[in-house]
Amino acid sequence: MERMKELIALLNRYAKEYYELDNPTVSDMEYDALYYELVELEKEYGTLPDSPTHRIGGAPLKEFIPYKHKLKLYSLDKAKGDEELEAYFLRLEKMLGFIPEMTVEHKFDGLTLSITYKGGELVTASTRGDGTTGETVTAQVKTIRSVPLTIPYKGEIEIQGEGLMRLSSLRKYNETASVPLKNARNGVAGAIRNLDPKITAKRNLDFVAYNVGYCSENIFNSQTEVHDFLIKNGFLCDDVFSVVNTVDEAKKAINKIEENRQNLDFLIDGAVLKVNKLNLREELGFTEKFPRWALAYKFEAEEVTTLLKDVVWQVSRTRKLNPLAVLEPVELMGVTVKRATLNNFSDIQKKGIKLNSRVFIRRSNDVIPEITGLAELTPESKDINKPEVCPACGAPVKEEGAFLYCTNPEKCAPAIVATLDHFAQKSCMDIDGFSEKTAELLYNEFGIKYPYQLYDLKPEDLMKLDGFKQKKAQNLINGIEKSKEVTLDRFIFALGIPTIGKKTATQLADAFGSIEKLKTATAEELCKLDDFGGVMAENVVKFFSEQENTEQIEKLFERGVKVINTENKEGIFSGKNVVLTGSLSHYTRSVAADLIKKNGGKVSDSVSKSVNLVIAGEAAGSKLEKARKLGTEIWDEAKFVEMLSKTGN
Ligand code: AMP
Ligand code: ZN
């Protein structure tokens, strides 16, 4: 028995390190050996309540056994927008005579669960059901690692919270699943309301505790105390939990939650406000359906369903064919969505998405929303065809990995237009007055295909273009002229080497210092850079080995393009790694970064030990704090401007 307790303590510690802290201290093999030893002992002496063997799920159940909740699980009154929130605060003030202290929490969007502990052991777990009666799902819930099997508190207590599937777990699960899950909410509901607890175990769910229902003792005076109790008893709790005293404070807290919504690893559909003090809750009581002391403030739906009407294939700069979904217009988080991305053809097949089917769409951080899965087929649903030829130029299509490419070497119009547009964009040559429309006109009217040709343009040429009068033409010519002096990182990015983005271009500039050095870099050298994969290294080597590309670069140089190499560059920032933070008033961020590079420095995104200088503008936040902690040299904007003025900038 002693050995069993020892094993359990060890295994639980290792599991915590592995699953929660992401920092294992033993190998899988060592873990398995200890686990097996425990299983053998349990065969003889029985299973202890906090044994990790409860987590694997056990035998499938025949049916769900109804579970009657000791205290009803209520639904929440809803509000949307400032007006309804203000009205709720007015109601509270009317009933109580003052505005009470309120707590603000995430409104988690998963499956509500109630878990009962007696004598410190988990005895039952159930779903909410209709609020009065739910289903017993004890074996399923025990597989969730963030549900403690034993707790220090020894009375009888119902813990309420939400079963969740993290978005990262959903992604990981879908990578190998034969039938992918539609979304995290379905993922958690399907896993728990499933008779086979082994399936639950595989989904890697989480549980966030936010309430106490029935409790055999009267030990709480407020939601804050409940929250602290839950943390002390080993539950995962809401990390944004806060207390507010006015409607303005409530709005601020809610806004903060909403702004950060896209960064969360789990779904929320709003914020929950609760009167903090329990004695006031008693005074307020319940309506038929809701407690009067709580409110669910709902956000716009993050995911909606709509009809997929068509799929068009767009040709990108690298001649990759990207499927773009044409949708029945639908409101999503305050905007009307008509188009969404679909990744690639094999993704379409895997998700079972068809034309004229209903699909889930979701706003991510990107501008264009994404189709996450199939919601429902309709009688008109039909397969999406894989294109055989490029929709833009008719050249045959070739497959590379999951992607399709147009094989036309040079005459595919959208790829050319995108190349010119990329070359001119802000993070590349930064040509003022240039747009995608300009690229289209230049290709269509003059057959301009290569970036170097931009430097041969004359104002009188431009004035032949639709919409170009003298002033506009001259502005563009000035923009082109000004772009000739360019920092190395921008120039590398402008070359449009496949898979080399803005960040990796900067890395290459820092590591090699000049185009001449980069040209001769080997794949081995490139692979040594952080986050540089084999494909990226190969692409760089391949790019510079193709004569056509080096000729293009030469032609740019012949026309006066001058790259400011960072190699051995003498200047006030020589050998310095600089971070910009806060808002600057004298320069934009990108101009400031360019000035640092032109004066020999390197610019990084985040503060670390390898950073030598932080330039802090107005309202600088965590980066400045970190710099202070590390003792990094810090300049304010005035000092930055002064130092630059000495260099003549
Ligand atoms: P609804 O089902 O839309 O009426 O909303 C009520 C549900 O919100 C309850 O069943 C709770 O399970 C759920 N909920 C999510 N997060 C919280 C939270 N922080 N506090 C209370 N309830 C929550
Ligand atoms: Zn093409």
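Counting convention: from 1, in listed order, for ligands and their atoms alike. Predicted, not measured: the structure shown is a model, and the values here were computed from it. This chain uses plain numbering: 1 for the first residue, then up along the sequence.
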Is it the case that ligand 1 has an N or O less than 3.5 angstrom from some N or O of [X]?
{"X": "H106", "value": "yes"}
{"X": "S75", "value": "yes"}
{"X": "V272", "value": "no"}
{"X": "K274", "value": "yes"}

inquiry  = Only to 10 degrees, please: what angle do the SG atom of C412 and the SG atom of C406 make about the Zn ion (ligand 2)?
reply    =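 For SG of C406 and SG of C412, the angle centred on the Zn ion (ligand 2) reads 120°.
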
inquiry  = Using the Zn ion (ligand 2) as the vertex, how large is the angle between SG of C393 and SG of C390, rounded to 10 degrees?
reply    =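 Here the angle at the metal atom is close to 110°, to 10°.
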
ask   = Can you tell me if CG on D130 sees more than 12 non-hydrogen neighbours from other groups inside 6.0 Å?
value =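 Yes, because the 6.0 Å sphere around CG of D130 holds more than 12 heavy atoms from other groups.
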
Would you call the rings of [X] and [Y] parallel, tilted or perpendicular if under 30° counts as parallel and over 60° as perpendicular?
{"X": "H422", "Y": "F493", "result": "perpendicular"}
{"X": "Y452", "Y": "Y450", "result": "parallel"}
{"X": "W293", "Y": "F286", "result": "perpendicular"}

Quick one: look up the protein heavy atom nearest [atom] and list residue, atom name and how far away it is.
{"atom": "atom 14 (N) of ligand 1", "answer": "Y210 OH, 3.3 Å"}
{"atom": "atom 7 (C) of ligand 1", "answer": "K107 NZ, 4.0 Å"}
{"atom": "atom 16 (N) of ligand 1", "answer": "F108 N, 3.0 Å"}
{"atom": "atom 10 (O) of ligand 1", "answer": "R128 NH1, 2.7 Å"}

Suppose I only count heavy atoms of [X] and a 4.0 Å limit; which atoms of ligand 1 are within that range?
{"X": "E105", "result": "18 (C), 19 (N), 20 (N)"}
{"X": "T112", "result": "10 (O), 11 (C), 12 (O)"}
{"X": "K78", "result": "1 (P), 3 (O), 4 (O)"}

request  = With K72 as the cation and Y74 as the aromatic partner, state whether NZ or CZ is under 6.0 Å from the six-membered ring centre and within 45° of the axis.
outcome  =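 Satisfied, under 6.0 Å and within 45°.
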
ask   = For ligand 1, is there an atom lying under 4.0 Å from some heavy atom of Q160?
value =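 Contact check Q160 vs ligand 1: negative.
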
query = Do you know which two heavy atoms are closest between I192 and Q140, and how far apart they sit?
reply =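 Smallest interatomic distance, heavy atoms only, reads O-CG, 3.5 Å.
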
task = Please determine if D77 and R91 form a salt bridge, counting it only when a charged side-chain N lies under 4.0 Å from a carboxylate O.
result =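 Answer for the salt bridge query: yes.
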
key: Point-to-point distance, once rounded to the nearest 0.5 Å, from OG1 of T124 to CD1 of I65   =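 With rounding to 0.5 Å, OG1 (T124) is 11.5 Å from CD1 (I65).
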
message = Contact between Y210 and K274 at the side-chain level, heavy atoms closer than 4.5 Å - yes or no?
response =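 Side chain of Y210 against side chain of K274, heavy atoms only: contact under 4.5 Å found.
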
